[in-house]
Engineer: 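Here it is: the structure, laid out below.
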Amino acid sequence: MPYLTLIGLLAGCLTTIAFVPQVVRVWRTRSTTDISLGMFGLMSLGVFMWLVYGLMLGDIPIIAANAVTLLLATSIVIAKVRFG
C-alpha cells in the first residue's frame, strides 16, 4: 500500500472514530440539549462535499472516511431533530 494512502486511511479512521462516542452518548441518553443543530448540519454538509470530492478523484481514503463520518454526523442530526 502506498505511503500516502496509508496516511490518508489512518487520518480518516482517527477523525471518523472521534464521532463515535458522541453518537453512542446521544442515542443512549436520548439527550441532545447541548448539541448544536447548526454545527452538525454544517458539518454533515461539509462531509458530504468531501465525499463527493473523493468520489470525483476516486480517492479511497477520502471516500471511506467521509462516507462513514457522514453516517455518524447525520445520525446526530437525526437524533437532534427527533429528541429535540
Engineer: Between CH2 of Trp50 and OG1 of Thr69, what distance do you get to the nearest 0.5 Å?
Structural biologist: 12.0 Å
Engineer: Can you measure from CD1 (Ile63) to CD1 (Ile60) and round to the nearest 0.5 angstrom?
Structural biologist: 4.5 Å
Engineer: Is it true that Ile62 and Phe19 fall in one hydrophobic cluster, defined by side-chain heavy atoms closer than 4.5 Å?
Structural biologist: no
Engineer: Compare every heavy atom of Val20 with every heavy atom of Leu72, then report the nearest pair and how far apart it is.
Structural biologist: CD1-CG2, 4.0 Å
Engineer: Between the main-chain N or O of Leu37 and the side-chain N or O of Lys80, is there a donor-acceptor pair closer than 3.5 Å?
Structural biologist: no
Engineer: Phe40 and Val47: same hydrophobic cluster, using ILVMFWY side-chain contacts below 4.5 Å?
Structural biologist: yes
Engineer: Taking atom CZ as the centre, does Arg28 end up with more than 12 heavy-atom neighbours from other residues, nucleotides or ligands that are less than 6.0 angstrom away?
Structural biologist: no
Engineer: Please round to the nearest 0.5 Å and tell me the distance separating atom OH of Tyr53 and atom CE of Met56.
Structural biologist: 9.5 Å
Engineer: Output the distance between atom OG1 (Thr15) and atom CG (Asn66), rounded to the nearest 0.5 Å.
Structural biologist: 7.5 Å
Engineer: Quick check: is Ile17 connected to Val23 through a chain of hydrophobic side chains (ILVMFWY, heavy atoms under 4.5 Å apart)?
Structural biologist: no
Engineer: Who pairs with Phe83 by ring pair (Phe, Tyr, Trp, His ring centres under 6.0 Å), at least two apart in sequence or on another chain?
Structural biologist: Trp27
Engineer: Let me check something: do Met43 and Val24 share a hydrophobic cluster, defined by ILVMFWY side-chain heavy atoms less than 4.5 Å apart, either directly or through other members?
Structural biologist: yes
Engineer: Report yes or no: do Ile78 and Val81 belong to one cluster of Ile/Leu/Val/Met/Phe/Trp/Tyr joined by side chain heavy-atom distances under 4.5 Å?
Structural biologist: yes
Engineer: Indicate yes or no for a side-chain donor-acceptor contact from Ser36 to the backbone of Met39 under 3.5 Å, with no hydrogens or angles considered.
Structural biologist: yes
Engineer: Give me the atom names and distance for the closest heavy-atom approach of Ile76 to Ile35.
Structural biologist: CG2-CG2, 3.8 Å
Engineer: Quick one: does Thr74's side chain have a donor or acceptor within less than 3.5 Å of a partner on Leu71's backbone?
Structural biologist: no
Engineer: Just verifying a value: how many Å separate Leu9 CG and Leu14 CG, rounded to the nearest 0.5 Å?
Structural biologist: 11.0 Å
Engineer: Which heavy atom in Ser44 sits nearest to a heavy atom in Val77, and how many Å separate them?
Structural biologist: OG-CG2, 3.8 Å
